[in-house]
Amino acid sequence: MTTSTPATGTPATPDTSAQALTGKRRIAFAGFVDENYLPGFLVLLRSLALSNPGVCEDFVVLHDDLKPASVARIRALHPRIVLRRVDAAHYDSYAKGDQDNYLVRKAYFILDVFRIRDYDTVITLDTDMVVLGDLGELLTLREGLAAVPQFFYGQHKLNSGLLVIQREYLSDAFCARIDQVGRSGGYELDKHDQGILNAVLDGDFVRLDARYNFVKRRLSGDLPVPDDTAILHFTGRHKPWQGGEAGYAQAEERWREFELDDAAFHAACLAKGGLHHDLLVHYGTPHVARTGDVEAARKVAASHIAAGEYQDAVDILSGVRIPLDEAWPHEVLGHALMSVSRYAEARRELLLATAAPNRAATAHARLAQIAWVHGDNTEALRHATAGLGADPTHRSARLWAQRAAAVPAQEQGAPEDQLAHVAFYMDRQGNAGDKLLPETVRLAFGPDTTSRRWTSVHAHRLFDRAALERVNARRGLVIGGGGLFIPDTMPNGNSAWQWNVPDEHLKAVDVPVMVFAVGFNAFDGQSYRARRFNESLRLLVEKSAFFGLRNHGSIARVRSLLPPGLHDKVVFQPCPTTVMRHLVAGWTDPLHREDTVLLNAAYDRAGLRFGHDYGHFLAELAKAVRAIGAHTEVRCVAHSLDDERIAFDLRREHGISLPVVPMYDFSGDEIRETYARTRLVIGMRGHAGMIPFGVGTPIISLISHPKMAYFLSDIERPEWGVSVHERHLGDVLTERALHILDHHSRTVLDVHDRQERLWQVTQDNAARIRTVLGR
């Protein structure tokens with residue numbers, strides 16, 4: 001939850017840390033390692049990757065004496081190692097001279113995990129453990145301190161080898177309790193951490209099933225390891241890498257499954273399905289360099305593309321020899337090349353891919369996209385039609401066929417009376433918010449949004465010499481209509497943001513350039529190709545007569561990428577959807593509203609939105625929907641087709657059926673009217689908050705992206721938002737929704753008051769822009 005900022009018209013500098021704004025949980029594994037136990041730790045890391053291929057969180061390595069070569073071996077096995085040296089002297093006051101004993105040192109030092117302050121959840125793993133099964137349940141735990149009860153000492157004591165520690169225990173207060181008990185003594189000499197923790201907790205911990213810390217001693221007599229064991233713990237003094245112990249041969253065989261050299265380990269990982277991006281790149285890159293494996297290179301490249309790392313994808317596939325008849329690697333390389341605007345090379349690769357029936361539809365769709373980007377609708381339609389011939393159900397091929405066959409609007413006005421408008425012009429059944437944006441931007445410049453006063457420049461089409469000449473024949477150039485500063489919706493190598501504009505053509509624009517209400521839309525965990533984006537951004541700011549961003553969070557992010565001399569050019573211009581009551585001619589507020597609450601959830605980049613918390617979010621949302629639904633009808637409003645998933649998931653997982661409002665099929669007027677008629681909108685998409693706010697309807701934002709918090713901070717109403725990661729989301733959302741519904745008239749007036757402040761900023765900017773345009 002963000003805090004209030006100064007008055008709306010005054011540029012603020014909020015905390016732009018994405019995690020701080022979204023509340024996304026930070027999770028880490030942790031363990032103490034020294035040279036003696038290094039072989040065990042390396043096996044632990046391999047077993048974690050192979051048993052949980054979709055998991056890659058930070059691993060905090062507590063140590064006091066690791067050699068550089070040992071650190072290198074650790075880093076080679078995990079891409080997100082965080083080294084943290086522990087302070088042996090801290091425990092001198094209650095170590096009783098046992099610091100030379102590894103078990104005692106480990107026991108003391110593992111207590112340093114409670115001094116970690118960088119994470120919300122920390123999962124400790126001992127170096128004598130091996131991971132055999134899915135740890136997903138541990139990653140979703142949200143409350144308390146969880147552990148497996150000790151096998152031999154009763155259910156009121158925990159075994160500290162595996163701990164799942166939540167934020168409230170990662171605190172100075174809890175560390176003070178640990179220190180107090182540690183110095184008082186009375187714990188078992190060879191189990192100091194267990195003795196101290198058991199004394200501090202006194203049985204107050206969340207009990208986990210024994211399969212998460214299955215101790216070796218339970219297998220005495222050479223018993224087999226149970227199939228459902230998730231973590232096998234080689235307790236005792238005899239470790240597998242030291243020769244093992246008689247009577248545990250079957251257990252040690254499981255450990256030795258992961259005693260692999262790098263080549264065998266990398267190959268085993270790449271054979272796994274669903275390997276996390278960071279793991280796939282970390283293991284796949286050296287594997288490809290060592291073997292030249294084309295299929296492995298394809299997998300790594302595809303993962304790079306999914307993460308927006310397009311040049312990396314080009315590099316790894318360009319470094320291997322792809323046989324002519326290997327269609328899939330050619331298609332992935334073509335995709336990567338077109339994403340960095342190497343279009344001629346991309347065409348060559350994609351044409352090779354069209355020869356294979358199972359890749360033809362996708363390859364033709366990408367060729368259609370390249371043709372459309374270059375303004376060749378005839379060629380685009382030819383390839384899109386070929387793609388549909390190969391697969392009549394291919395969604396992307398159908399989209400490009402529709403775009404290529406669309407009849408452009410006839411120009412009605414003279415060029416000297418028109419403004420050119422760069423925006424993302426959404427397709428039919430596209431995102432409802434983006435569909436409404438270009439028209440609303442134009443309304444901020446005057447009531448006529450038609451081609452008498454405007455000529456459209458689709459941001460995703462290459463801004464070539466012909467487009468430049470068309471723009472320079474107009475009165476000016478407006479850039480705005482969404483979060484154009486995002487790297488991956490339609491990637492290109494010319495700007496590294498959504499407008500596909502080469503620097504030379506941007507420099508040659510000789511009419512006034514006005515950037516209007518653009519947002520910096522990177523998700524938590526998403527990055528730009530920094531150098532190319534920064535260079536393009538700087539040129540755009542230098543070129544602009546007006547450069548307005550739609551929230552102060554975006555302003556802070558963009559200013560941080562610019563030299564100080566350009567900071568003052570970046571000003572606040574609210575998204576015009578937030579002031580639509582003032583822009584739409586003849587607007588009247590509704591006399592009566594439907595007794596409904598509209599609920600919106602978003603699923604694009606779901607991993608970045610929810611992390612490990614989607615199950616928690618869905619369960620808490622179900623609780624809120626039931627409680628709110630007891631007072632007011634709740635409906636699902638879908639800005640895009642994918643948004644309907646919330647209705648499916650609530651019905652399947654929680655037995656809740658909601659009617660769906662297909663807003664992706666609505667016109668601009670229908671979108672505005674639907675939001676104006678309801679009493680409250682609970683939305684996850686940015687424009688599921690800004691549009692209803694703009695027509696005077698109260699909102700609650702489900703925050704999974706920083707921009708939601710930015711907007712609420714600008715209007716000084718952070719309490720109108722709740723993180724999707726909030727531990728008590730259901731209760732908080734219910735309380736806030738019912739409060740708004742119970743005080744609805746007052747809240748509507750508050751919305752109007754907040755809107756007036758944004759409208760004043762918009763009017764002041766409009767006066768400045770009129771001066772720029774000379775009328």
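Minimum interatomic distance between Y310 and A336 (heavy atoms only, all atoms of both residues): O-CB, 4.0 Å. The minimum heavy-atom distance linking V200 with R177 is given by the pair O-NH2, 3.0 Å. Closest heavy-atom contact between G607 and K24: O-NZ, 3.7 Å. Nearest heavy atoms, N213 versus M129: OD1-CE, 3.5 Å. The two atoms that bring R651 and S657 nearest to each other are CD-OG, 3.6 Å, heavy atoms only. A pairwise comparison of heavy atoms in E168 and E143 identifies OE2-C, 4.4 Å as the closest pair.
Side-chain atoms of Q498 come within 3.5 Å of backbone N or O of I486 as a donor-acceptor pair. Between the side chain of T285 and the main chain of H282, no donor-acceptor pair closer than 3.5 Å is present. With hydrogens and angles ignored, the 3.5 Å screen pairs no side-chain donor or acceptor of N534 with any backbone N or O of L561. When atom types are taken as modelled, the side chain of H276 and the backbone of D278 share a donor-acceptor pair closer than 3.5 angstrom. The closest donor-acceptor contact from the side chain of R46 to the backbone of L77 lies at 3.5 Å or more, if one exists at all. No donor-acceptor distance shorter than 3.5 angstrom exists from the side chain of D172 to the backbone of C175, with no hydrogens or angles considered. Looking at N600, its side chain never comes within 3.5 Å of a backbone N or O of I682 through a donor-acceptor pair.
No more than 12 heavy atoms of other residues, nucleotides or ligands sit less than 6.0 Å from atom CD of E735. Heavy-atom contacts from other residues, nucleotides or ligands closer than 6.0 Å to CZ of R395 number 12 or fewer.
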>> Could you go through R727 and D120, starting from their C-alpha distance and side-chain angles, then the distance that decides it, and tell me whether this counts as salt bridge (charged side-chain N to carboxylate O under 4.0 Å, His left out)?
In response: CA-CA 11 Å; R727 181 179 291 183; D120 301 289; over 6 Å; no
>> One pair to check against side chain to side chain contact (heavy atoms under 4.5 Å, CB included): L702 and L733. What are the steps and the verdict?
In response: CA-CA 9 Å; L702 296 169; L733 184 56; 4.1 Å; yes
> Taking it one step at a time, do I646 and F648 satisfy side chain to side chain contact (heavy atoms under 4.5 Å, CB included)?
Replying inline: CA-CA 5 Å; I646 190 63; F648 299 138; over 6 Å; no
>> Between F711 and F693, is the ring-ring contact (aromatic ring centres under 6.0 Å, His included) condition met? List the steps.
In response: CA-CA 11 Å; F711 172 63; F693 177 90; 5.3 Å; yes
>> For N551 and S554: C-alpha separation, side-chain torsions, deciding distance, then whether side-chain hydrogen bond (donor to acceptor under 3.5 Å, both in side chains) applies.
In response: CA-CA 5 Å; N551 51 61; S554 291; 2.8 Å; yes
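When ring centroids are compared, Y710 and H552 stay outside the 6.0 Å threshold. Ring centers of H639 and Y664: at least 6.0 Å apart, outside the cut-off.
Remark: I316 CD1 to D312 CG distance equals 8.5 Å, nearest 0.5 Å. From H616, atom NE2 reaches atom CG of L729 across 6.0 Å, with rounding to the nearest 0.5 Å. Rounded to the nearest 0.5 angstrom, I165 CD1 and L170 CG are separated by 6.0 Å. Expressed to the nearest 0.5 Å, how far CG of N431 lies from CG of L436 amounts to 10.5 Å. Atom CG in L138 sits 7.5 Å away from atom OG1 in T140 (nearest 0.5 Å). For the atom pair L279 CG and S303 OG, the distance stands at 9.5 Å (nearest 0.5 Å).
Counting only heavy atoms from C-beta outward, the side chains of V724 and D613 never approach each other to under 4.5 Å. The closest side-chain heavy-atom distance from L537 to F520 is not below 4.5 Å. With contacts defined as side-chain heavy-atom distances shorter than 4.5 Å, the pair K272/L50 qualifies. Q166 has its side chain out of reach of L145: every pair of non-hydrogen atoms, C-beta onward, lies at least 4.5 Å apart. The closest side-chain heavy-atom distance from L201 to F174 is below 4.5 Å.
Side-chain contact, H728 with E620: no donor N or O sits under 3.5 Å from an acceptor N or O. S536 and W497 share a donor-acceptor pair across their side chains, judged by distance under 3.5 Å alone. When only modelled atom types and interatomic distance are considered, H304 and Q311 share no side-chain donor-acceptor pair under 3.5 Å. A side-chain N or O of Y212 and one of E137 form a donor-acceptor pair less than 3.5 Å apart. With hydrogens and angles left out, the side-chain atoms of R25 and T121 include a donor and acceptor closer than 3.5 Å.
In this structure R685 satisfies the salt bridge (Lys or Arg N to Asp or Glu O under 4.0 Å) test together with D604, D643, sequence neighbours excluded. Residues forming a salt bridge (Lys or Arg N to Asp or Glu O under 4.0 Å) with D750 (at least two apart in sequence, or on another chain): R717, R754.
Ring geometry, F424 versus H460: the interplanar angle falls from 30° to 60°, so the pair is classed tilted. Aromatic ring pairs are classed by plane angle as parallel below 30°, tilted from 30° to 60° and perpendicular above 60°; the pair F610 and Y603 is tilted.
Under a cutoff of 6.0 Å and an axis angle of 45°, R645 and Y614 form a cation-pi pair. Both tests hold for R207 against F205: distance to the six-membered ring centre under 6.0 Å, angle to the ring axis within 45°.
Comment: E716 engages R757 in a salt bridge, judged by a side-chain N to carboxylate O separation of less than 4.0 angstrom. A salt bridge between D58 and R26 is absent, with no side-chain N of the basic residue lying under 4.0 Å from a carboxylate O of the acidic one. A salt bridge does not link D714 with R550: none of the charged nitrogens is closer than 4.0 Å to a carboxylate oxygen.
In summary, of the residues considered (T124, V122, L135, V60), a side-chain contact (heavy atoms from CB on, under 4.5 Å) with F29 occurs for L135 alone.
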